[in-house]
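Below is one structure, written out as structure tokens; comments come after it.
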Amino acid sequence: MLNRRKFLQFSALAAPLLTAKRSLASSFDTGNKPLVVSTWDSGMAVNAEAWKILSNKGSALDAVEAGAVHIENEINCCVGLGGYPDRDGIVTLDSCIMDHQSNCGAVAGIERIKHPVSVARKVMEKTPHVILVGAGAQQFAVENGFPLESKELSDSGKKAYEEWLKKSEYKPVINIENLPAKEGNGPFAPHFFDDGTPNHDTMGLVAMDMNGNLSGAVTTSGMAFKVHGRVGDSPIIGAGLFVDNEVGAATSSGLGEEVIRICGTHLVVEFMRQGYSPEQACKKACERIVKRDPAKAKTLQVGFLAINKKGQYGCYAIQKGFVISVKSDKENQLHQSKYLI
Ligand code: SD4
């Protein structure tokens with residue numbers, strides 16, 4: 001599989017990452033407009049794509065869609081049709097998008113469509129609904145001109161699935177980067193695939209444009225080898241993504257079930273409304289997950305990132321290893337997240 005590091009080597013837009021200075025993320029005031037912040041180090045290339053729009057006075061909505069489309073195009077990457085399949089060997093994709101007027105759209109469990117984020121935008125703009133799922137989402141996509149792609153898995157997806165089939169053990173896996181590869185220590189372990197690739201590939205990004213308007217998008221193939229039909233946090237407004245143009249925007253990555261249980265990104269935005277900085281708000285959401293079941297929290301990862309209307313950003317995770325990518329006219333770099341456990 002082209003894991004995220006290999007993916008970056010293959011991306012012409014990854015160059016800034018190679019020289020990017022790592023620093024510990026904090027919610028300092030960047031005074032930035034425009035600004036785009038995204039999950040993981042694969043976000044560097046995604047931000048570069050979004051930046052083309054933001055720096056030309058484009059809208060945050062167009063920018064986050066372009067960023068998500070960019071990574072969905074990487075067929076051997078982790079997000080999109082190149083991702084790992086569910087336990088029936090089918091790649092199902094989850095995505096959502098939300099703008100500064102609280103318009104939002106999402107697709108869940110969509111198959112054979114290359115750009116679920118653009119379908120989500122069509123749901124937002126062309127229907128009175130918010131979420132379309134499964135076959136209905138696919139039908140809507142095709143009716144709106146999205147080509148039906150092949151059922152074939154990517155090379156990396158096929159290899160991983162064949163490996164998984166040897167045991168066919170139902171253990172949804174999620175990343176915790178500070179555990180040694182292949183270590184198993186809980187219901188959601190191991191957190192690495194046999195080739196050492198961490199299972200954290202959701203792309204979530206939030207942006208503020210030159211007008212100060214906020215938008216966000218998420219796209220993912222979700223948890224590898226999940227039950228067919230399982231939907232994670234990523235397409236759920238208020239879980240994987242939330243935008244409130246008066247306050248800020250947030251997105252998440254990690255074990256979606258835990259994020260859904262606390263309406264994670266909605267909670268982060270509400271904490272910011274109460275006056276917490278983006279980093280403090282993300283930390284408090286992580287604490288909410290840990291408080292519910294501290295023993296289980298040791299076995300899983302969730303990371304949140306957020307921006308507010310002042311152009312401040314921040315992030316926090318349950319475990320070590322979460323990183324975010326930040327782009328403004330003052331910076332273009334990775335930030336390592338602080339963590340609870
Ligand atoms: C999910 N939150 O499907 C996603 C998985 C993820 O990095 O973020 N992976 O639960």
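Both backbone and side-chain heavy atoms feed into the values below; hydrogens, waters and symmetry mates do not. Just so you know, ligand 1 is whichever comes first in the structure, and atom 1 is the first atom listed for that ligand.
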*Test side chain to side chain donor-acceptor pair (under 3.5 Å) applied to E111 - qualifying residues, sequence neighbours left out*: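 With sequence neighbours excluded, E111 shows a side chain to side chain donor-acceptor pair (under 3.5 Å) to no residue whatsoever.
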_Main-chain N/O of A141 paired to K122 side chain as donor or acceptor, under 3.5 Å_ =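 Flag not set: sc K122 to bb A141 has no pair under 3.5 Å.
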_side-chain hydrogen bond (donor to acceptor under 3.5 Å, both in side chains) partner of T92, chosen from K226, R230, H228_ =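 Testing each of K226, R230, H228 against T92, the sole residue satisfying side-chain hydrogen bond (donor to acceptor under 3.5 Å, both in side chains) is K226.
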Are any of the N or O atoms of [X] closer than 3.5 Å to those of ligand 1?
| X | value |
| --- | --- |
| T202 | yes |
| G256 | yes |
| G222 | no |

*Who are the salt bridge (Lys or Arg N to Asp or Glu O under 4.0 Å) partners of R273, not counting sequence neighbours?*
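If we apply the salt bridge (Lys or Arg N to Asp or Glu O under 4.0 Å) test to R273, skipping adjacent residues, the hits are D244, E270.
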Which of the numbered atoms in ligand 1 are under 4.0 angstrom from any heavy atom belonging to [X]?
| X | answer |
| --- | --- |
| M223 | 3 (O) |
| S234 | 2 (N), 4 (C) |
| S253 | 6 (C), 7 (O), 8 (O), 9 (N) |

_Less than 6.0 angstrom separating the ring centers of W164 and Y84, yes or no?_
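No, the ring of W164 stays outside the 6.0 Å limit from the ring of Y84, centre to centre.
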_Sub-4.0 Å heavy-atom approach of D233 to ligand 1_ =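 It does, in that a heavy atom of D233 comes within the 4.0 Å cut-off of ligand 1.
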*Heavy atom of R230 under 4.0 Å from ligand 1?*
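In this structure, R230 qualifies as a contact of ligand 1 - some heavy atom is under 4.0 Å.
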*asked:* Test of understanding: clusters of I, L, V, M, F, W, Y form through side-chain heavy atoms closer than 4.5 Å, transitively. Do L214 and I53 belong to the same one?
replied: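 Cluster IDs for L214 and I53 differ.
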